[in-house]
Student: 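This is the structure I have questions about; it appears just below.
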There are 2 protein chains.
Amino acid sequence: MTEIPRQAGRPREEATAPALMDAARRLVRTNGYDKVSITQIIKEAGVSRQSLYRRWPTKADLVLEAFFESASQGAFGDERHPDQGSARQRLLDLLISIFDHIARDGAAMRSLIASAQEDPQFRASFIEKFVLPREEIVTDILQRAVESAELPPQSDVAMLSAMIHGAFWYRMLNDWPLNTAFAKAMVSQIFGS
Amino acid sequence: MTEIPRQAGRPREEATAPALMDAARRLVRTNGYDKVSITQIIKEAGVSRQSLYRRWPTKADLVLEAFFESASQGAFGDERHPDQGSARQRLLDLLISIFDHIARDGAAMRSLIASAQEDPQFRASFIEKFVLPREEIVTDILQRAVESAELPPQSDVAMLSAMIHGAFWYRMLNDWPLNTAFAKAMVSQIFGS
DNA sequence: TTGAATAAGAGACGGTAGTCTCGTATTTAA
DNA sequence: TTAAATACGAGACTACCGTCTCTTATTCAA
């Protein structure tokens, strides 16, 4: 319980950040990322323009936090029981869970990937907050698979991870379906069928 | 030599389209896709705004054609000798050639992938003109590899192709390096080391 | 009690994408 | 020769993003 010594000056309105995230989530789910303007979001949240830009540098940063950093609503790829079951089964469960989330919020995710391409600042933040954590979950599963001999000992775990994430990024970005059949096929390709 | 019956009306200025593509290529290579405005491109090409929009619906469509549809300058992934050499070697050569092109024009490619996420119209055109042709080159190599027993007969060629393209999309979009070492590692992962 | 620091809302501002209109030029067909 | 069709350049127009300024409000420290 370390007391944060308060700065001089008017404190931030506590309700503003959640109001903006809620508004952003709701509007983006309803209308799609690029159909939603900053002006709409601040009107919906009942807040001024500068109050948004004081908290996030761009629309993309706000949406990233609104969608993918709220632990309470379950981010992509929960790994609740990292030590149970075979690596193969854990990877399959993880992929199915990811594809479920993509079915709901894939459009937002695609827009964030797009924004990351245009803005190096945001890209760094996106990689740190979104890509690397998910990368780690997969490499962890694969590493354990090597240790338990479910994968051959000379397996290139980093390469396999790039192929796994890459495959569904590629499919998602190009409008190909991501379903259970695809998850099973991918797992078979990795672990052998 | 079928004569195209000319419509009534003033014909298009033949020099306009190449002038716009040249200007777009030059400016985007120098300054980067999102630093270049339509206004800059038309000024550089010495052409009016509408003359551009009469030919391409968006900046992305112009840049796609300027960079990746000019056969003369070698698109990504030339396959000059599709029947020579092992499939493994052909895939390696192809990957190295792709990575070379990415080193030069990867920034433009990333921006086009980004634009494709925001605009379904452009996405369809991007998939048709860019993604599918390259998809075909890889699946062709893999299919021949199955036929020549370089890959096991039950290989899921479509899945392997998604993993290959996906892996370098994923790496490219996230600022990881794409070099010969990565190409070799990927080929080893596909064909066995 | 006062001053410094910071937040708030309101809204002007510059830069950009893509649309639209206007007057003019060029071509085909009647 | 004339009318229809289409191209041209010039530039106005709307909507948007992100920045900036102005005035007011709230908090801490002297």
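Numbers restart at 1 for each chain; the letters A, B, ... are given by sequence-line order, proteins then strands.
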Student: Can you tell me which nucleotide in dC8(D), dC16(D), dA5(D) comes closest to the side chain of Thr16(B)?
Tutor: dC8(D)
Student: Rounded to whole Å, how long is the line connecting atom CG of Asp34(A) with atom C1' of dA17(C)?
Tutor: 13 Å
Student: What is the separation between atom OH on Tyr53(B) and atom C1' on dC13(D), rounded to the nearest whole Å?
Tutor: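 For the pair Tyr53(B) OH and dC13(D) C1', the rounded distance is 14 Å.
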Student: Expressed as a whole number of angstroms, how long is the span from Arg10(B):CZ to dA7(D):P?
Tutor: 10 Å
Student: OP1, OP2 of dA8(C) versus side-chain N and O of Arg55(A): anything below 4.0 Å?
Tutor: yes
Student: dG9(D) phosphate, OP1 or OP2: any side-chain N/O from Ser51(B) under 4.0 angstrom?
Tutor: yes
Student: Where the side chain of Ser48(A) is defined as all heavy atoms beyond and including C-beta, which of dG9(C), dT19(C), dT16(C) is the nearest nucleotide?
Tutor: dG9(C)
Student: Distance check needed: dA7(D) P versus Glu14(B) CD, whole Å only.
Tutor: 14 Å
Student: Can you measure Leu62(B) atom CG to dG18(C) atom P for me and round it to whole angstrom units?
Tutor: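 Whole-Å distance recorded here is 11 Å.
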Student: Out of curiosity, Leu27(A) CG to Lys35(A) NZ, how far, rounded to the nearest 0.5 Å?
Tutor: 13.5 Å
Student: With a 4.0 Å limit, can you tell me whether Thr58(B) has a side-chain N or O closer than that to the phosphate oxygens OP1/OP2 of dA17(C)?
Tutor: no
Student: Taking the minimum atom-to-atom distance to the side chain of Val47(B), which one of dG9(C), dG9(D), dT27(C) wins?
Tutor: dG9(D)
Student: Looking at Phe122(B), I'd like to know if the NZ or CZ of Lys59(B) sits under 6.0 Å from its six-membered ring centre while staying within 45 degrees of the ring's axis.
Tutor: no
Student: Would you say a side-chain N or O of Lys59(A) is under 4.0 Å from OP1 or OP2 of dC17(D)?
Tutor: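 For dC17(D), OP1 or OP2 has a side-chain N or O of Lys59(A) closer than 4.0 Å.
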Student: Write down the distance between CG (Leu52(A)) and C1' (dC20(D)), rounded to a whole number of angstrom.
Tutor: 16 Å
Student: For a quick check of understanding: with a heavy-atom distance under 4.0 Å over all strands, which category does Gln50(A) fall into, base, sugar-phosphate or nothing?
Tutor: base
Student: Does a distance-only test, which skips hydrogens and angles, find a donor-acceptor pair under 3.5 Å between the side chain of Arg12(B) and the base of dT6(D)?
Tutor: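 No, the side chain and the base share no sub-3.5 Å donor-acceptor pair.
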Student: Can you check the Glu13(A) CD to dA7(C) P distance for me, whole Å?
Tutor: 12 Å
Student: Measuring to OP1 and OP2 of dA8(C), would you say a side-chain N or O of Arg54(A) lies under 4.0 angstrom away?
Tutor: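 Looking at the OP1 and OP2 atoms of dA8(C), one of them is under 4.0 Å from a side-chain N or O of Arg54(A).
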Student: Got Ser51(B) and Glu13(B) here, is their nearest side-chain heavy-atom distance under 4.5 Å?
Tutor: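 A side-chain contact is absent here, since even the closest heavy-atom pair is not under 4.5 Å.
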Student: Check whether the side chains of Ser111(B) and Gln117(A) place a donor and an acceptor atom closer than 3.5 Å, and report yes or no.
Tutor: no
Student: Once you round it to whole Å, what is the distance between P of dC8(D) and CD1 of Ile42(B)?
Tutor: 13 Å
Student: Hey, is the side chain of Arg49(B) pairing donor to acceptor with the base of dG11(D) inside 3.5 Å?
Tutor: no
Student: Please determine if Arg171(A) forms a cation-pi arrangement with Phe182(A), meaning its NZ or CZ atom is less than 6.0 Å from the six-membered ring centre and no more than 45° off the ring axis.
Tutor: yes
